[in-house]
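Take a look at the structure set out below.
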Amino acid sequence: MQIIRTVTELRHSLLEARKAEKWVGFVPTMGYLHAGHLALIGASRAQCDITVVSIFVNSTQFGPNEDLSTYPRDFPRDEKLCQDNGVGILFAPDVKEIYPAQFETFVEPGELAKPLCGTFRPGHFRGVATVVCKLFNMVQPDLAFFGQKDFQQCAVVRRMTNDLNLPVEIVTVPTVREPDGLAMSSRNRSLCPEQRQRALGISRGLYAAMDQFRSGERNAGRLMSIAKEHLATVDRLQYLELVDADTLKPAESPLRRAAVLCVAAFVGSTRLIDNVLLPLPVPPRD
Ligand code: PAF
């Protein structure tokens, strides 16, 4: 595995792969890798000839009072995980490589960035879209892999890719969960055991609603009420919303189109997000 710090080196290194018409898969991350990231790497390795992972804690997607300074970082551990999981290139640029002193151009996403996390984290998706667009231009991947846990991020990135004609296919990989259901997140490490236990209300709520949906419940209000009962264990519910899977606007009730039930909640000072997809029409059973 090559560890690369600059765009010039990265371009040079990928030149051979491109000449040989190899497929380049890309997994952008902010590090502190977990099983969710490893699933993205696995998906990339299954479909591509070479996998590039980036590690860059992107300041422009954090608000002034958010956890940029405390965001977990452990490069030696991440490096080993990438090495052990067959990553070809680990791109870990310095801040100045991504945001040089004169930097002033941003990608401004539209309506998809406004609801859900966009309401509570103004500017977040502008930062995400900007860094992802820059990373796509640096890596020039054929496929890029994102986790479904960040459903709105996937939607924003997909739309940006289409709107700006970026020649990359976005692949969404299902959320990886701990055995008890908690969605994998780098932020889970900030939870003490008692908070970790209470954080389970999030996935329990989502799955309780999903069970009722599978049993035929289509009333949006009732599905959200079922989830909300379990969410009593969190310290602060930021949002619980059932939205249309394509537009991210509030889902019409009764549900007739695919919807996503999305949660953001604080447990202690840790902000966690999660979601489940409620597919319609319901796919046939195997
Ligand atoms: O999902 C993340 O880890 C980040 O938002 C991303 C896509 C790496 C951009 O900084």
Side-chain angles (χ1 to χ4, degrees), residues 4 7 10 25-41 43-44 51-63 66-75 77-78 81-82 85 87 89-99 103 106-109 112-113 116-118 120-141 143-161 164 166 168-176 183-190 262 264 270-275:
I4 293 186
V7 181
L10 179 69
F26 178 43
V27 179
T29 83
M30 297 205 298
Y32 213 76
L33 304 181
H34 52 67
H37 296 114
L38 301 185
L40 302 181
I41 292 170
S44 172
T51 291
V52 181
V53 170
S54 66
I55 295 184
F56 179 69
V57 181
N58 176 39
S59 57
T60 63
Q61 69 189 73
F62 288 80
E66 293 185 348
D67 58 349
L68 173 62
S69 61
T70 55
Y71 197 83
R73 292 162 169 89
D74 187 343
F75 188 75
R77 179 178 163 278
D78 288 345
L81 280 169
C82 286
N85 283 275
V87 170
I89 295 179
L90 175 52
F91 179 49
D94 189 65
V95 179
K96 288 196 207 79
E97 191 67 14
I98 303 288
Y99 298 120
F103 183 84
F106 285 83
V107 176
E108 191 67 66
L112 286 175
L116 307 170
C117 290
F120 297 94
R121 304 188 70 187
H124 170 67
F125 289 112
R126 179 183 193 249
V128 170
T130 301
V131 81
V132 170
C133 184
K134 282 170 69 72
L135 289 165
F136 282 177
N137 286 331
M138 293 169 187
V139 178
Q140 299 182 16
L143 271 64
F145 298 81
F146 293 82
Q148 194 203 307
K149 183 173 78 70
D150 300 300
F151 191 88
Q152 189 174 15
Q153 171 168 281
C154 293
V156 168
V157 167
R158 201 180 286 276
R159 178 64 58 82
M160 171 190 77
T161 306
L164 302 184
L166 304 181
V168 50
E169 188 185 321
I170 306 302
V171 182
T172 303
V173 176
T175 304
V176 178
M184 295 278 180
S185 164
S186 304
R187 291 186 168 100
N188 290 351
R189 78 181 277 275
S190 315
C262 304
T270 307
R271 183 176 183 276
L272 301 171
I273 59 170
D274 198 356
N275 66 76

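We use all heavy atoms of the structure for the numbers below, so side chains are in, but hydrogens, waters and symmetry mates are not. Note that this is a predicted model, so its numbers are computed, not measured. Each ligand, and each atom within it, is numbered from 1 in the order the structure gives.
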### Query
Do S185 and K149 pass the side chain to side chain contact (heavy atoms under 4.5 Å, CB included) test, and can you show the C-alpha distance, the side-chain angles, and the key distance before you say yes or no?
CA-CA 9 Å; S185 164; K149 183 173 78 70; 4.0 Å; yes
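- Of all atoms in ligand 1, numbered sequentially from 1 with element shown, those under 4.0 Å from a heavy atom of T29 are 8 (C).
- Interface atoms of ligand 1 facing V131, defined by a heavy-atom separation under 4.0 Å, are 9 (C), 10 (O).
- Q153 places no side-chain N or O within donor-acceptor distance of the main-chain N or O of F125, the cut-off being under 3.5 Å.
- Across Q61, M30, H124, Q153, heavy-atom proximity to atom 9 (C) of ligand 1 is greatest for Q61.
- With a heavy-atom cut-off of 4.0 Å, V157 does not touch ligand 1 at all.
- Between F103 and F106, the ring planes are perpendicular. Angles over 60° get that label, and only those under 30° would be called parallel.
- Side-chain contact, S59 with Y99: no donor N or O sits under 3.5 Å from an acceptor N or O.
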